[in-house]
Amino acid sequence: MTVDALRVAAYRIPTDTPEADGTLAWDHTTLVVVTADCGDITGTGWTYGHPACTDVITRSLASHVLGRDALDVAATFDAMAKAVRNIGRSGVAGQALSAVDVALWDLKARVLGIPLHRLLGAVRDSVPVYGSGGFTTYGPHQMRDQLLGWVRDHGITRVKIKIGQSWGTRTRRDVSRMRQARAAIGDEIALMVDANGGYTAKQAARLMSEVADLEITWLEEPVSSDDVSGLRAVRDAVDADVTAGEYGHRLADFVPLCSAVDCLQIDASRCGGITEWQRVAALAAAHHLEVSAHCAPWLHAAVGAATPNLRHLEWFHDHARIETRYFDGATSPIDGAIRPDPASPGHGLTVRSADLEPYRVS
């Protein structure tokens, strides 16, 4: 039962409207899809990254995957991680490795004929999500409609907006938008914010003090995730849970964060796929921390269902829109949660490649 084919394609998909956070603006999202075959059985993985991921996979990773036993995912992961040592595990190589690893886990579960979350050791049948969007390009009405849509249509009880606009230089607008969001959702829904590293530590603490009456529960990357001492200072100064970790590409990247955050973020599309996700989640548990999945909600559904210390997944607008539109089996949340299919082998998703073809870039 060997892996006998590995294919990859990248698709540049326009956003529905222009989007931005506090430090970056974009008008498209690139989806990189990997398929791995064992005979007539196919596993699928993906990441959101640069089209250059395709070159890394075909030139640096494929030779370390093909011919290996489809059940030996850990050994294949180890071989891939060693193969990218000299070109760098982080960034594009990390995203490429992650997509392949997810495809291999899906393939293994399908070979065995069982759902992936069961193979990983499920601890829950459904996985809670929070709504994530509220981009700085949104006006008050667009933001209100998005937040209320999640609450009313999908039963989501936590929503997040972007702040830290223009690298923290427009704090008056940040405060205004936080107040608009609270007014829109009322007092019963948890309000979360993400600064994308746009503030300094003292600036973030001052700002959160100013909006203390809004009872914000989640402050994501108030400073750069590279500024561990700054994260720790903000965590100790504010009531909201401080979180970071979305830019971790290997286990060692998360070690210093465990002493600086209240909840550790992990992104299986960057950190090394499902294999490394489980190691990072165990690291967090050893530090008495919960974890939260960053973006790519259906990529994380199975591993989230198998992670005892999971808090929630991010129902990120861009990725949720892509996955529910171009992956059969990816459904919208019901009662604030998504549910891996208990009757389908693997993660239960199939890419509609023909629908994606107009967006293919490599």
For [Y], is there any backbone N or O sitting under 3.5 Å from a side-chain donor or acceptor partner on [X]?
X	Y	answer
Arg182	Met178	no
Ser132	Phe316	no
Arg177	Phe135	yes
Asp341	Ala343	yes
Ser259	Pro256	yes
Arg360	Ser362	yes
Thr307	Leu310	no
Ser269	Thr47	no
Ser209	Ala205	no

Is the [atom1] atom of [X] crowded by more than 12 outside heavy atoms at less than 6.0 Å?
X	atom1	value
Asp328	CG	yes
Arg179	CZ	yes
Glu357	CD	yes
Gln142	CD	yes

Contact between [X] and [Y] at the side-chain level, heavy atoms closer than 4.5 Å - yes or no?
X	Y	answer
Ile161	Asp194	no
Leu116	Pro340	no
Asp262	Leu289	no
Cys38	Val3	no
Asp21	Leu24	yes
Pro222	Arg235	no
His347	Arg110	yes
His300	Asp267	yes

So, [X] and [Y]: side-chain donor and acceptor under 3.5 Å apart, yes or no?
X	Y	result
Asp4	Thr2	no
Glu19	Trp26	yes
Ser229	Asp227	yes
Ser176	Gln180	yes
His249	Arg89	no
Arg7	Thr35	yes
Asp16	His317	yes
Thr275	Asp101	yes
Thr42	Asp37	yes

Check your understanding: Relative to each other, are the rings of His319 and Tyr48 parallel, tilted or perpendicular (30° and 60° limits)?
Key -> parallel
Between [X] and [Y] (salt bridge meaning N to carboxylate O under 4.0 Å), is one present in this structure?
X	Y	value
Arg170	Asp174	no
Arg118	Asp125	yes
Arg321	Asp318	no
Asp236	Arg232	no
Glu210	Arg172	yes
Asp72	Lys108	no
Glu314	Lys160	yes

To the closest 0.5 Å, what do you measure between [atom1] ([X]) and [atom2] ([Y])?
X	Y	atom1	atom2	answer
Glu246	Cys271	CD	SG	12.5 Å
Leu231	Ser224	CG	OG	7.5 Å
Thr136	Met143	OG1	CE	11.0 Å
Leu257	Gln265	CG	CD	10.0 Å
Glu276	Gln278	CD	CD	10.5 Å
Ser90	Asp253	OG	CG	5.5 Å

Exercise for review: Test side-chain contact (heavy atoms from CB on, under 4.5 Å) on Thr30 and Ile13 and set out the steps.
Suggested key: CA-CA 6 Å; Thr30 301; Ile13 303 168; over 6 Å; no
Can you name the nearest heavy-atom pair linking [X] to [Y], along with the distance?
X	Y	result
Ile266	Phe254	CG2-CZ, 4.1 Å
Leu104	Ala36	CD2-CB, 4.1 Å
Ala260	Val242	O-CG1, 4.4 Å

Indicate if [X] and [Y] have the same hydrophobic cluster label, given that clusters are the connected sets of ILVMFWY residues with side-chain heavy-atom separations under 4.5 angstrom.
X	Y	result
Ile87	Val32	yes
Val33	Leu107	yes
Val123	Leu283	no
Val291	Val255	yes
Trp277	Tyr247	no

Exercise for review: Quick one: do Tyr199 and Leu207 satisfy side-chain contact (heavy atoms from CB on, under 4.5 Å)? Show the steps, please.
Suggested key: CA-CA 10 Å; Tyr199 298 133; Leu207 193 70; 3.0 Å; yes
Exercise for review: Begin with the C-alpha distance, continue with both residues' side-chain angles, and end with the deciding distance and a verdict on side-chain contact (heavy atoms from CB on, under 4.5 Å) for Trp315 and Trp150.
Suggested key: CA-CA 9 Å; Trp315 189 255; Trp150 288 324; 3.8 Å; yes
Exercise for review: Apply ring pair (Phe, Tyr, Trp, His ring centres under 6.0 Å) to Trp46 and Phe327, showing your working.
Suggested key: CA-CA 11 Å; Trp46 67 98; Phe327 289 74; 4.5 Å; yes
Practice item. Apply the test side-chain contact (heavy atoms from CB on, under 4.5 Å) to residues Glu323 and Leu31: give CA-CA distance (whole Å), side-chain angles for both, the deciding distance (0.1 Å), then the verdict. Key: CA-CA 10 Å; Glu323 290 171 10; Leu31 170 70; over 6 Å; no
Exercise for review: Could you give me the CA-CA distance, side-chain angles and deciding distance for Trp218 and His312, then say whether ring pair (Phe, Tyr, Trp, His ring centres under 6.0 Å) is met?
Suggested key: CA-CA 12 Å; Trp218 175 276; His312 41 46; 5.1 Å; yes
